[in-house]
Number of protein chains: 2
Amino acid sequence: MNPAGKENRRTIRVVIAEDQGMVLGALAALLEIEGDISVVTQCRDGSEALKAILTAKPDVLITDIEMPNMTGLDLAAELKRRRTGTRVIILTTFARAGYLRRALEAGASGYLLKDMRAEELAEAVRRVHQGLRVIHPELATEAWAEPDPLTDRERQVLRLAGEGRASADIALELSLSEGTVRNYLSEAISKLGANNRVEAARIARTRGWL
Amino acid sequence: MNPAGKENRRTIRVVIAEDQGMVLGALAALLEIEGDISVVTQCRDGSEALKAILTAKPDVLITDIEMPNMTGLDLAAELKRRRTGTRVIILTTFARAGYLRRALEAGASGYLLKDMRAEELAEAVRRVHQGLRVIHPELATEAWAEPDPLTDRERQVLRLAGEGRASADIALELSLSEGTVRNYLSEAISKLGANNRVEAARIARTRGWL
DNA sequence: AAACTTAGATGACATTTGTCACTGTGCCGT
DNA sequence: ACGGCACAGTGACAAATGTCATCTAAGTTT
């Protein structure tokens, strides 16, 4: 499993966090092929990953975003706060500007999409380990700047509305009056150029604002 | 890469179809570790996979469902029709009864979820190659029998409504009167025990009926 | 031929949703 | 001290949505 020898000289120690077991194991297998990379822990949720990182002190964390307990973005933010030296690569399905922005704010060193070629992952790990930053080319282009126009309340309300909850229901849940909920929704709809709450929620979701 | 020797004696030839390059390559790496399995082609969409299978004649196809050009389910159906001997394993994120049912109707030999443990994939390949059937345990339990209660029209209308289209808009698209559209939606909502079109669409989607 | 089913339509009605204008409060930056 | 902004609310109105009973014109069954 380590063809070119040099067992321990400069192997990059990696932790992977990914909730789909199949993908998790497969990524580990992919990286283990490389002689200079060693996967020290595989984690299936965010808080598990946090624990693993604090004890194993890996060089690089590769993490999905949407996971149980703690998202990859929360994880990155937490590692930044704690000043563990671990560098973070976000590896996700979603090409959403909001996610990318939040990832960079959380101090992540990489943001890659799962539809990249598999061979590029190991190279990205090496780059990041050297202190470089790797961003998926299509996302790096800028134009992806467009900041989230929604306020916190608008976002909350829109999220629930997108699940099919009625205004009165949402009002109850957030302890607001129904009129206020309708006002926030109306605002969100107009900000996003949608025709109704459902379309608004869809737009916000694809932009990574939800 | 083939520790236990016995290079060619009984290696199972596999084609993988999966649109996320990273996952595709990783799964291939995972299987290549096994001495008795060989990944002969990696495909990133359905029609590409069909071509590859017709020329390479593999023992087993591992395929995602949602892919460009041709879904994994269509692919399975096509292989059944053409009587290639290739056995099919569906490997997907979605635990939807509708998908499972359609997979079995299309003659698939396996239906696995990506959140299984990675180690189980190779074993599933061997089982399927021996003529056995492997279904993800939670889906095999029955109870997942519950058949789709929606009529074709209800399904069509609900799909559009779930995207945020208005009744009048849907009516136009399907050449129906607006009242009829509302009737279908009302029926669907009541059949699914939902409170409105959005919730109904969500329910139908998670059950694999959309 | 009579009975039944299905897709589609109407009209009436109550409820929900979306819009607007307007009133406050508190916080932040200058 | 002032303007701007997020937050919260009210009231009123128009439009969209959801429900129901009822109707017709095919098709199928029996």
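Letters A, B, ... are given to chains in the order of the sequence lines, protein chains preceding strands, and every chain is numbered from 1.
Distance CD1 (A:I189) to P (C:dT16): 17 Å, rounded to an integer number of Å. If you measure from atom CD of B:E154 to atom C1' of C:dG8, you get 13 Å, rounded to the nearest angstrom. Look at CD on B:E187: it is 14 Å from P on C:dG8, rounded to the nearest Å. If you measure from atom CZ of B:R197 to atom C1' of C:dT17, you get 11 Å, rounded to the nearest angstrom. As rounded to whole Å, 16 Å separates atom C1' of C:dT17 from atom CG of A:L160. For the pair B:Y184 OH and C:dA9 P, the interatomic distance rounds to 7 Å; values are reported in whole Å. Whole-Å rounding puts the A:E199 CD to C:dT17 P distance at 17 Å. Atom pair A:E178:CD and C:dT19:P shows a separation of 15 Å (rounding to whole Å applied).
A:T180 comes within contact range of at least one nucleobase, with a heavy-atom separation under 4.0 Å. Residue contacts shown for A:R153 are limited to sugar-phosphate atoms, with no base heavy atom under 4.0 Å away. Among the heavy atoms of the strands lying under 4.0 Å from B:N183 is at least one base atom, whether or not backbone atoms are also near. Counting non-hydrogen atoms under 4.0 angstrom, A:S186 reaches a base of the nucleic acid.
Looking at B:E18, its side chain does come within 3.5 Å of a backbone N or O of B:Q20 through a donor-acceptor pair.
Annotation for B:R165: atom CZ counts as buried by contact number, over 12 foreign heavy atoms lying within 6.0 Å.
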Salt bridge (charged side-chain N to carboxylate O under 4.0 Å, His left out) between B:R81 and B:E78, intermediate numbers included: CA-CA 5 Å; B:R81 208 179 59 75; B:E78 185 64 17; 3.0 Å; yes
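Using a cutoff of 4.0 Å between basic side-chain nitrogens and carboxylate oxygens, B:E123 and B:R126 are scored as salt-bridged.
Look at A:S167 and you'll find a side-chain N or O under 4.0 angstrom from OP1 or OP2 of C:dT17.
Protein chain B contacts DNA chain D from D:dT17 to D:dC20, reading 5' to 3' and using non-hydrogen atoms of the protein with a distance under 4.0 Å.
Contact check for B:R197 versus A:V198: no side-chain heavy atoms found under the 4.5 Å cut-off.
Of the candidate nucleotides C:dG18, C:dA9, C:dT17, C:dA9 has the atom nearest to the side chain of B:S177.
Both B:D152 and B:R182 lie close to DNA chain C; mapped to their nearest nucleotides by heavy-atom distance, the more 5′-ward contact belongs to B:D152. In this structure, A:K191 and A:G179 both approach DNA chain D, and ranking their closest nucleotides by distance from the 5' end singles out A:K191.
Scored by the side-chain contact (heavy atoms from CB on, under 4.5 Å) test, A:V88 finds A:L61, A:T63, A:A76, A:L79, A:I90, A:A108 as partners (sequence neighbours excluded).
B:Q156 and B:R159 are not linked by any side-chain donor-acceptor pair at a separation below 3.5 angstrom, with hydrogens and angles left out of the test.
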